[in-house]
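So the structure is just underneath, and the comments pick up after that.
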Amino acid sequence: MLLTLLFVGCQQSSQPGNQRAENANPLATPAPATISTLSDDLPTIVAFGDSLTAGYGLSQEQAYTTLLQRKLDERGFKYRVVNAGVSGDTSAGGARRIDWALESGNVKILILELGGNDGLRGLPTAEMKKNLELIIQRAQSRGVTVLLAGMEAPTNFGADYTREFRQVFRDLAREYQTPFIPFVLEGVGGDPRMNQPDGIHPNAEGERIMTETVWRALEPLLDRP
């Protein structure tokens, strides 16, 4: 049930912008700035995902992408983090907008966090894999390193679906030799102390834990200061 609630949140929130999020919600946070607005050639890390990346329900200062930028700056890493999260997005939505996300700027790393809404809807895991595979291929064809963030499916579609869903991320990480986070909400999902009052989206403390989870996988990919 906790996993189900988590993924309901990924779907129910939405975010308008250049790309229309699925299941739009007028309470959603503003869309992220496009990469084309960047004015210099600073290496860019694109955080590409759904409401978990967008920072739904939090201020910009509390969002994990802001915390990640702060961590980079404090350690002397010369990178810019771009939040390309669209609340409510599925893997299919991500496949439609990946070229936009990679179009401009000196993109070096893509943090790929999608699939939660596919799991909520019980969409075929083969379709999810195809969409995520396309995103990885598009990024790698541009020389962009992909950091794949794994997700978990709700249990209401049965043990077989849950297992197949989980395996998609592991198979993709192996087939495309991508750095891999097994579950980006490790230590956060299902814990009421780490989530907002809706019991779904991470609160400020949950965002800090999520940031540390991403950082452990991201740091080895960075050029040293």
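When a residue number appears, it is its place in the shown sequence, counting from 1. Only a predicted model underlies this, so the values are computations on that prediction, with no experimental measurement involved.
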Apply ring-ring contact (aromatic ring centres under 6.0 Å, His included) to F169 and list each qualifying residue two or more places apart in sequence or on a separate chain. F165
Residues at least two apart in sequence or cross-chain that pass ring-ring contact (aromatic ring centres under 6.0 Å, His included) with Y161, listed by chain then number, are F157
So, [X] side chain and [Y] main chain: donor-acceptor pair closer than 3.5 Å or not?
X	Y	answer
T90	G93	yes
T162	G158	yes
Q196	N203	no
N83	T53	yes

Assigning hydrophobic clusters by single linkage (Ile, Leu, Val, Met, Phe, Trp, Tyr; side-chain heavy-atom cutoff under 4.5 Å), is [X] placed with [Y]?
X	Y	result
L147	I45	yes
I109	V81	yes
L172	V46	yes
I98	L123	no

May I ask you to check whether D73 and Q69 show a side-chain donor-acceptor distance below 3.5 Å?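 Side chains of D73 and Q69: pair found under 3.5 Å.
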Which residues share a side chain to side chain contact (heavy atoms under 4.5 Å, CB included) with A139, sequence neighbours left out: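 For A139, the residues satisfying side chain to side chain contact (heavy atoms under 4.5 Å, CB included) (neighbours in sequence not counted) are L102, L110, V144, V146.
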So do the side chains of [X] and [Y] get within less than 4.5 Å of each other, counting heavy atoms only?
X	Y	result
M194	I209	yes
E113	M151	yes
E219	L221	no
N106	R80	no

Can you list the residues that meet the salt bridge (Lys or Arg N to Asp or Glu O under 4.0 Å) rule with [X], with sequence neighbours excluded?
X	result
E61	R70
D223	none
K129	E175
K78	none

What closest approach, in Å, do G76 and P225 show between heavy atoms, and which atom pair accounts for it?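 Nearest heavy atoms, G76 then P225: O-CB, 3.3 Å.
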Looking only at heavy atoms, the pair that brings G55 and A63 closest together is CA-CB, 4.3 Å
Quick one: list whatever passes side-chain hydrogen bond (donor to acceptor under 3.5 Å, both in side chains) with [X], sequence neighbours left out.
X	result
R224	none
Q140	none
S91	D118, N131
E212	K71

Would you call the rings of F77 and W215 parallel, tilted or perpendicular if under 30° counts as parallel and over 60° as perpendicular? perpendicular
Side-chain donor-acceptor distances from residues 176-189 under 3.5 Å, at least two apart:
unit_1: Y176; atom_1: OH; unit_2: E133; atom_2: OE2; d: 2.7
unit_1: Y176; atom_1: OH; unit_2: Q137; atom_2: NE2; d: 2.8
unit_1: Q177; atom_1: NE2; unit_2: R174; atom_2: O; d: 2.7

